[in-house]
Every structure is written in C-alpha cells, then in structure tokens.
Amino acid sequence: MVKCVMIQLCKCLAGVSILALHVRFCYLLLGWIGTLVVVGVQLAIAGWMVWAMIRAPD
C-alpha cells in the first residue's frame, strides 16, 4: 500500500515538474503574453476534451 502511494506521489511530482518546465520554456520563447495565450489555449482544449469524454455516449 505504501509503495503504491509513493509511486503515485512521484508521478504527480514529475507531472508538476514537467508543467513548470513547459511554462518556463514558453516564457523564455514568447514572454508573458505569449505564455498566457499558449496556456489558455491548452487549458481550453483540455477542458473541451474532458467535457466531451463526460458527455460521450456509452
């Protein structure tokens, strides 16, 4: 049980680290406005995909 929890925590930490690296890379390439636009578009697409998966017929 503890091993499963530790593996899940490590996965979450890796995901947050990759997210921070992605945002930093966008900031270096595009500046704050570009980063906000890129992240906003990505969040909109992700939200639409989640909504579509919830509403999808079985």
Trainee: Hey, can you pull the donor-acceptor pairs under 3.5 Å for the side chains in residues 4-13, sequence neighbours left out?
Mentor:
none

Trainee: Are Val41 and Met49 grouped together when hydrophobic residues (ILVMFWY) are joined by side-chain heavy atoms under 4.5 angstrom apart?
Mentor: yes
Trainee: Which residues, ordered by chain and number, are linked to Phe25 in its hydrophobic cluster, where ILVMFWY side chains connect at heavy-atom gaps below 4.5 Å, directly or through other members?
Mentor: Leu29, Leu30, Val38
Trainee: Holding to side chain to side chain contact (heavy atoms under 4.5 Å, CB included), I want the full list of residues that pass it with Ile18, two or more places apart in sequence or in another chain.
Mentor: none
Trainee: Quick check on the hydrophobic clustering: are Val23 and Leu43 connected, directly or via other members, by side-chain heavy-atom contacts under 4.5 Å?
Mentor: yes
Trainee: With sequence neighbours excluded, give me every side chain to side chain donor-acceptor pair (under 3.5 Å) pair touching residues 44-57.
Mentor: none
Trainee: Under the side chain to side chain contact (heavy atoms under 4.5 Å, CB included) test, which residues partner Tyr27, sequence neighbours left out?
Mentor: Arg24, Trp32, Thr35
Trainee: List, by chain and then residue number, the residues other than Leu36 in its hydrophobic cluster (Ile/Leu/Val/Met/Phe/Trp/Tyr, side-chain heavy atoms under 4.5 Å); write none if there are no others.
Mentor: none
